[in-house]
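Quick one: the structure is below, and I'll ask about it shortly.
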Amino acid sequence: MRRIGGTSGLTLVELAVAILVLSIGTLAALRSLEGSSKAALQAEDRVLAQIAVRNRAEELRLYGPGAALPTEVTLAGHPLTLSQDTTVTAGGLARVTVVAQVASGAGAQLVVWVAPGALR
């Protein structure tokens with residue numbers, strides 16, 4: 001682009017606008033990276049909670065719904081709290097809802113049907 005006076009190049013205003021646009025783009029990229037890192041950490045907690053409820057479901061199938069099982073477990077260095085709610089159906093099966101929750105708040109829930117006469 002040819003300017004009056006025969007000089008060409010960027011003005012100070014154009015340079016400031018370019019720096020502003022690049023700064024906004026960089027901030028958006030950093031914000032996105034922070035969000036994805038947080039989501040990855042929460043995903044780990046949810047996976048651990050899912051493993052814990054599946055383990056508890058297997059314990060209930062082995063020992064029965066009335067077994068005294070621990071309410072706190074540790075998986076991969078993360079403490080989890082387990083709770084369960086048992087109701088007996090008209091058909092004689094026990095419907096157990098198992099909930100596992102990590103301290104961060106992430107958790108998982110699983111419903112398992114158990115025969116009351118499981119091995120003890």
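We use all heavy atoms of the structure for the numbers below, so side chains are in, but hydrogens, waters and symmetry mates are not.
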Worksheet item: Which atom names give the shortest non-hydrogen contact between Val53 and Ala108, and what distance separates them?
Response: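 Looking at all heavy atoms of both residues, the shortest contact is CG1-O, 3.6 Å.
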Can you list, pair by pair, the side-chain donor-acceptor contacts under 3.5 Å of residues 16-29, counting residues two or more places apart and other chains?
{"from": "Ser23", "atom 1": "OG", "to": "Ile19", "atom 2": "O", "distance (Å)": "2.8"}
{"from": "Thr26", "atom 1": "OG1", "to": "Leu22", "atom 2": "O", "distance (Å)": "2.9"}

Worksheet item: Which distance, rounded to the nearest 0.5 Å, do you find between the CG of Leu60 and the CG of Leu110?
Response: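 One finds 9.5 Å between CG of Leu60 and CG of Leu110.
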Fill in: Shortest non-hydrogen contact between Ala52 and Leu82, atoms and distance
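Minimum heavy-atom contact is CB-CD2, 4.1 Å.
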Discussion item. Checking Ser104 against Asp45 for the side-chain hydrogen bond (donor to acceptor under 3.5 Å, both in side chains) test, could you report, in this order, the C-alpha distance in whole Å, the side-chain angles of both residues, the deciding distance, and whether it holds?
Written reply: CA-CA 8 Å; Ser104 68; Asp45 289 344; 2.7 Å; yes
Practice prompt. State the CD-CG distance between Glu58 and Asn55, to the nearest 0.5 angstrom.
Written response: 8.0 Å
Discussion item. If I compare all heavy atoms of Leu80 with all of Ala49, which pair ends up nearest, and what's the gap?
Written reply: CD2-CA, 3.6 Å
Output a table of donor-acceptor pairs, distance under 3.5 Å, between side-chain atoms of residues 72-79 and any protein atom two or more places apart or on a different chain; print 'none' if there are none.
none

Worksheet item: For Val98, which of Glu59, Arg56, Gln109 qualifies under side-chain contact (heavy atoms from CB on, under 4.5 Å)?
Response: Arg56
Discussion item. Count I, L, V, M, F, W, Y as connected when their side-chain heavy atoms are under 4.5 Å apart, and connections chain through other members. Are Leu62 and Val112 then in the same cluster?
Written reply: yes
Worksheet item: In terms of hydrophobic clustering (I, L, V, M, F, W, Y; side-chain heavy atoms under 4.5 Å; direct or indirect links), are Val96 and Val99 co-clustered?
Response: no
Discussion item. What's the separation between atom CG in Leu69 and atom CD in Gln84, rounded to the nearest 0.5 Å?
Written reply: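 Output value for this atom pair is 6.0 Å.
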Worksheet entry | Distance, nearest 0.5 Å, that separates CG of Leu12 from CD of Glu14 |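 One gets 10.0 Å once the value is rounded to the nearest 0.5 Å.
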Worksheet, complete the sentence: On a heavy-atom basis, the closest approach of Pro65 and Thr86 is CB-CG2, 4.2 Å
Worksheet, complete the sentence: For Ala106 and Gln42 the tightest heavy-atom approach is CB-O, 4.3 Å
Worksheet item: Are any of the side-chain heavy atoms of Thr89 and Trp113 separated by less than 4.5 Å?
Response: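 Thr89 reaches Trp113 side chain to side chain.
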